[in-house]
Amino acid sequence: SQLLTGWSDAVSLKKLDVVFRQPVPHGRKLLLKGIVTDKEVTDGLPTLTCDVFLENEEGSKLVIGSATLTLPMS
């Protein structure tokens, strides 16, 4: 959730749905990634849909998921 909300105080996380595909090891470097897959205005608020991933150093996706965020109208 921090990946999705840490870049702005104005963003609001509405939904986060993830699936753990493999164990996530403790003490190893991990890479968090997200990509915006859709944007629209819903109930008067700009809404973003994103795919999110947690990868290990070898590039294997340990966790995959999707998220929905809203932003204030400017």
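Computed from heavy atoms alone, side chains included, the values below leave out hydrogens, waters and symmetry copies.
- Two residues are said to be in side-chain contact when any heavy atoms from C-beta on lie closer than 4.5 Å; L71 and L48 meet this criterion.
- Of all non-hydrogen atoms in S1 and L13, the two that sit nearest each other are CB-CD2, 3.6 Å.
- Annotation: the span from L4 atom CG to K15 atom NZ amounts to 13.5 Å, rounded to 0.5 Å.
- We find the CD-NZ distance between E55 and K61 to be 4.5 Å, quoted to the nearest 0.5 Å.
- In terms of modelled atom types and a separation under 3.5 Å, the side chain of S60 and the main chain of N56 share no donor-acceptor contact.
- Annotation for M73 and G44: closest pair CE-O, 3.3 Å, computed over non-hydrogen atoms.
- Both the sub-6.0 Å distance and the 45° axial angle are not jointly satisfied by K33 relative to the ring of F53.
- L3 and V19 fall into different hydrophobic clusters, where Ile, Leu, Val, Met, Phe, Trp and Tyr residues are linked whenever their side-chain heavy atoms come under 4.5 Å apart, directly or through other members.
- In this structure, V52 is a member of the same hydrophobic cluster as V63, with clusters built from ILVMFWY side-chain heavy atoms closer than 4.5 Å.
- T47 contributes a side-chain N or O that, together with a main-chain N or O of L45, makes up a donor-acceptor pair within less than 3.5 Å.
- Within a 6.0 Å radius of CD in Q2, other residues, nucleotides and ligands contribute 12 heavy atoms or fewer.
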Using the rule given for side-chain contact (heavy atoms from CB on, under 4.5 Å), can you reason through V24 versus L30, listing the C-alpha separation, both sets of side-chain angles and the distance that settles it, and then say yes or no? CA-CA 9 Å; V24 178; L30 300 171; 3.7 Å; yes
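- Atoms CD and CG, from Q22 and L62 in turn, are 5.0 Å apart once rounded to the nearest 0.5 Å.
- Scanning both residues, P72 and A10, for their nearest heavy atoms gives CD-O, 3.4 Å.
- Rounding to the nearest 0.5 Å places NZ of K14 at 10.0 Å from CG of L69.
- Put simply, I64 and V36 are part of two different groups of oily side chains (I, L, V, M, F, W, Y) that touch within less than 4.5 Å, one to the next.
- Between the SG atom in C50 and the CD1 atom in I35 there is a gap of 9.0 Å [rounded to 0.5 Å].
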